[in-house]
There are 2 protein chains.
Amino acid sequence: MATILVADDEPHIRELVRSTLEREGHRVVEAADGREAADALAHEPVQLAVIDVMMPEVDGFELTQWLREERDVPILLLTALGETSHKVRGLRLGADDYLVKPFAPEELVARVEALLRRYRMRADGALDLAGLRLLSDTYEVEANGERTSLPPKEFQLLFTLAASAGRTLSRDKLIEEVWGYDYAGDERTVDVHIKRLRDKFPEDIYPFRIRTVRGLGYRLEVNA
Amino acid sequence: MATILVADDEPHIRELVRSTLEREGHRVVEAADGREAADALAHEPVQLAVIDVMMPEVDGFELTQWLREERDVPILLLTALGETSHKVRGLRLGADDYLVKPFAPEELVARVEALLRRYRMRADGALDLAGLRLLSDTYEVEANGERTSLPPKEFQLLFTLAASAGRTLSRDKLIEEVWGYDYAGDERTVDVHIKRLRDKFPEDIYPFRIRTVRGLGYRLEVNA
DNA sequence: GCCCGCCGTTCACGCGCCGTTCATCTTGGC
DNA sequence: GCCAAGATGAACGGCGCGTGAACGGCGGGC
């Protein structure tokens, strides 16, 4: 499990996040503003930071910026409802993901796990799921004892789906992860890459499949 | 295995580095600043030094400089994210490699092993891989019972790939290792040398091959 | 000191892969 | 059955990389 920094000036939000993450087995370090957060980061080995945008003293943006320069820690921003500009600004500063308040605890857990998986993978170069292994430094997929080499976009798409296996990801979300939040092209490009992945990994042969959730997006399922 | 000096003023970083390296079978000597480090070096036979740039009293730069003048020990610098100037300054002073904090333990291990291999090779003049032997004294490659003499750049390129066999190295990284961090020329020069190596060591005859990972770089693979 | 060959680098060209778009067909929900 | 959303097949354009060649510097041989 991981040690996670939670920076928010509202005590009950901190409490909610803490209990949610601790129930998952993580260790939580709290901070009420950016200053406290920086302080905690100096003394604790933190693997992920959950940061509220609106904080007194040093706000979430400043903290994000500082963290990006100083540490290689995934950042999950908490933004208020409707503040789209906050989301964009946060991502531009280097945040990895964002969550709109109020949020469902399950949503928080899912995003935290996805971020941890992603960073862990980047670290050791491989992501493991049941019967599936993604090798990031060769863009290869290992399954059924075979190795398949993939083009960059296909690999990253599959990887993003795999990092959030079991959750449905919208095209928007996938584009943001694989192409970057400022991608200008067509949403439908995702479909084509999905198809190519499905062609390369037919579900009756490989232990996973990419399922379409009509109106929502795609999800990777590991075969039972 | 080796005895490794770890100099960092942050205890949890020292602890992380220690546990990571000890898990690999190395012995670790700790120091909280440059002064302690110099002290330890006087009493311990150290084969490698992991040094944080930012330390009180005597900082990483001074220590690096001193070490370069006094000892022939590989130096791995730890620098803060975004401090490119630190990286350059460190390399200029004679550091062998750098790692941006915070880092993945696997990354640390990979770099430490690569440095030890490189220095061990320089010491006894040879690097051995399965069925492949690189003689640094003469820039010769021994394989299939034959010896082939190589031009300097080709040899160093092959050597760099071999020292990190199994890992993909970007053109950037290869240039930094072979040509130096301040090389100004074209990235594609690497390609040409790769081609010449491939011509000299066809994979159906020699027990290794240089593989292209599109969009990432090159990697040396030892044939199974 | 001159010539010649080696070696590092650059350049131009071409191929094939890959990302993207578009048009058309299929599917699924109401 | 209608409409919207997704699947599919094809085409195209760009770009990454491989490759052959040329050029210039440097050092060694005579």
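Letters A, B, ... mirror the listed sequences (proteins, then strands); counts begin at 1.
- For DNA chain C, the span of nucleotides reached by chain A at under 4.0 Å from its heavy atoms goes, 5' to 3', from C:dC18 to C:dG28.
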With side-chain hydrogen bond (donor to acceptor under 3.5 Å, both in side chains) as the criterion, how do B:Q156 and B:H193 come out once you've worked through the C-alpha distance, each side chain's angles and the decisive distance to 0.1 Å? CA-CA 10 Å; B:Q156 285 168 34; B:H193 289 286; over 6 Å; no
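- Classification of the B:F201-B:Y206 ring pair by plane angle, with boundaries at 30° and 60°, yields perpendicular.
- Between B:P207 and B:G131, the closest heavy-atom pair is CG-O, 3.3 Å.
- Figure legend: B:R211 and B:Y218 shown without cation-pi pairing, the cationic atom not lying both under 6.0 angstrom from the six-membered ring centre and within 45 degrees of its axis.
- Listed by residue number, the members of residues 151-181 of chain B with any heavy atom below 4.0 angstrom from DNA chain D are B:R171.
- Residues B:L135 and B:R147 have side chains in contact (heavy-atom distance under 4.5 Å, counting atoms from C-beta outward).
- Side-chain N/O atoms of B:R214 and A:T138 include no donor and acceptor closer than 3.5 Å.
- Against DNA chain D, the stretch residues 183-192 of chain A makes heavy-atom approaches under 4.0 Å through A:R188, A:D191.
- Of all non-hydrogen atoms in A:L116 and A:Q47, the two that sit nearest each other are CD2-O, 4.0 Å.
- A search for side chain to side chain contact (heavy atoms under 4.5 Å, CB included) contacts involving B:S136 returns B:M121, B:F155, not counting sequence neighbours.
- Atom CG in B:D199 sits about 7 Å away from atom P in D:dG20, given to the nearest Å.
- We find that A:R196 and A:D199 are not joined by a salt bridge, their nearest charged nitrogen and carboxylate oxygen being 4.0 Å or further apart.
- Against DNA chain C, the stretch residues 210-220 of chain A makes heavy-atom approaches under 4.0 Å through A:R214.
- Salt bridge status for A:D52 with A:K101: present, with a side-chain N to carboxylate O gap under 4.0 Å.
- Distances shown here put a side-chain N or O of B:K195 below 4.0 Å from the OP1 or OP2 atom of D:dG20.
- Considering only side-chain N and O atoms, B:R198 lies under 4.0 angstrom from the phosphate OP1 or OP2 of D:dG18.
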Full working for side chain to side chain contact (heavy atoms under 4.5 Å, CB included) between B:V190 and B:I194: CA-CA 6 Å; B:V190 177; B:I194 293 282; 4.0 Å; yes
List the steps and the verdict of side chain to side chain contact (heavy atoms under 4.5 Å, CB included) for A:R171 and A:D191. CA-CA 9 Å; A:R171 286 183 179 72; A:D191 300 28; 2.9 Å; yes
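- In this structure, B:K173 forms a cation-pi arrangement with B:Y98, its terminal cationic atom sitting closer than 6.0 Å to the ring centre and no more than 45° off the ring axis.
- The two atoms that bring B:I4 and B:V50 nearest to each other are CG2-CG2, 3.9 Å, heavy atoms only.
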Step by step, work out the side-chain hydrogen bond (donor to acceptor under 3.5 Å, both in side chains) result for A:R89 and A:T64. CA-CA 10 Å; A:R89 187 173 163 207; A:T64 297; over 6 Å; no
Let me have a per-nucleotide readout for nucleotides 22-28 of chain D, 5' to 3', with B, S or -, counting only protein heavy atoms under 4.0 Å. B------
